[in-house]
Colleague: 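Below is a structure I'd like to ask you about.
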Amino acid sequence: MPKSASDEAEQRGASTHDPSPQERIWQVVASIPKGAVATYGQVAELAGMPRGARQVGRVLAALPNDSRLPWHRVVNAAGRVSLRGDSGRLQRRLLRDEGVAFRADRIDLQRCRWTP
DNA sequence: TCCTTGACGGAGA
DNA sequence: ATCTCCGCCAAGG
């Protein structure tokens with residue numbers, strides 16, 4: 001028999017404490033396959049935050065530089081890289097390195113957008 | 001508190 | 001296709 005509410009939650013499959021919004025975003029980003037991209041809004045929705053595109057941007061901006069998360073696979077709804085300057089060039093380079101094509105700094109979302 | 005600032009997005013012009 | 005304007009939602013001043 002479960003001794004506490006949290007133990008019972010564990011029985012149902014939930015872990016000790018529900019994942020924070022931030023953790024849910026990390027999880028979604030981590031699951032974007034190589035060579036594909038997702039938009040901020042799409043990540044937000046998949047993370048259970050329908051209008052949280054900006055939150056996704058904020059969470060990604062807070063990632064440490066040595067993060068293993070494929071943050072570069074997240075682009076804006078226009079299929080463009082939102083980062084400015086060197087960071088933006090890095091993101092485009094990482095994407096090109098895994099086969100994502102750019103046409104005038106823009107990605108063809110119809111072709112590269114990830115569909116879970 | 002109020003105001004400003006974004007790795008945003010969609011509707012109009 | 002591009003540009004503005006506005007709604008959205010936290011975080012920081």
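Chain A is the first sequence line, chain B the second, and so forth, proteins listed ahead of strands; every chain is numbered from 1.
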Colleague: Taking atom CG of A:L63 and atom CZ of A:R68, what is their separation to the nearest 0.5 Å?
Modeller: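 So the gap between those two atoms works out to 11.5 Å.
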Colleague: Under the side-chain contact (heavy atoms from CB on, under 4.5 Å) rule, what do A:R73 and A:V100 come out as? Steps first, then yes or no, please.
Modeller: CA-CA 10 Å; A:R73 298 184 187 144; A:V100 176; over 6 Å; no
Colleague: Any base atoms under 4.0 Å from A:R80, or only sugar-phosphate, or nothing? Heavy atoms, all strands.
Modeller: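 Result for A:R80 = nothing.
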Colleague: Taking any atom closer than 4.0 angstrom to a non-hydrogen atom of chain A, what span of DNA chain C does the protein reach, first nucleotide to last?
Modeller: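 For DNA chain C, the relevant span reads C:dA1 to C:dA11.
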Colleague: What heavy-atom pair brings A:V37 and A:Q42 nearest, and what distance separates the two atoms?
Modeller: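 So the two residues come closest at O-OE1, 4.3 Å.
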Colleague: Give a yes or no on this: more than 12 heavy atoms of other residues, nucleotides or ligands lie within 6.0 Å of atom CZ of A:R111.
Modeller: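 Counting other residues, nucleotides and ligands, CZ of A:R111 stays at 12 neighbours or fewer.
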Colleague: Please collect all side chain to side chain donor-acceptor pair (under 3.5 Å) contacts where either partner lies in residues 19-37 of chain A, sequence neighbours excluded, each pair once.
Modeller: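 Only A:S20-A:E23 qualify under side chain to side chain donor-acceptor pair (under 3.5 Å).
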Colleague: What are the two closest heavy atoms between A:P116 and A:L46, and how far apart are they?
Modeller: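 So the two residues come closest at CG-CD1, 3.9 Å.
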Colleague: For A:A44 and A:A53, which heavy atoms make the closest approach, and how far apart are they?
Modeller: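 Of all heavy-atom pairs spanning A:A44 and A:A53, the closest is CB-N, 3.7 Å.
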Colleague: Base contacts versus sugar-phosphate-only contacts with protein, heavy atoms under 4.0 Å: please encode nucleotides 6-13 of chain B as B, S and - from 5' to 3'.
Modeller: BBBSS---
Colleague: So, do A:L90 and A:D86 sit near enough that their side-chain heavy atoms are less than 4.5 Å apart?
Modeller: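 Side chain of A:L90 against side chain of A:D86, heavy atoms only: no contact under 4.5 Å found.
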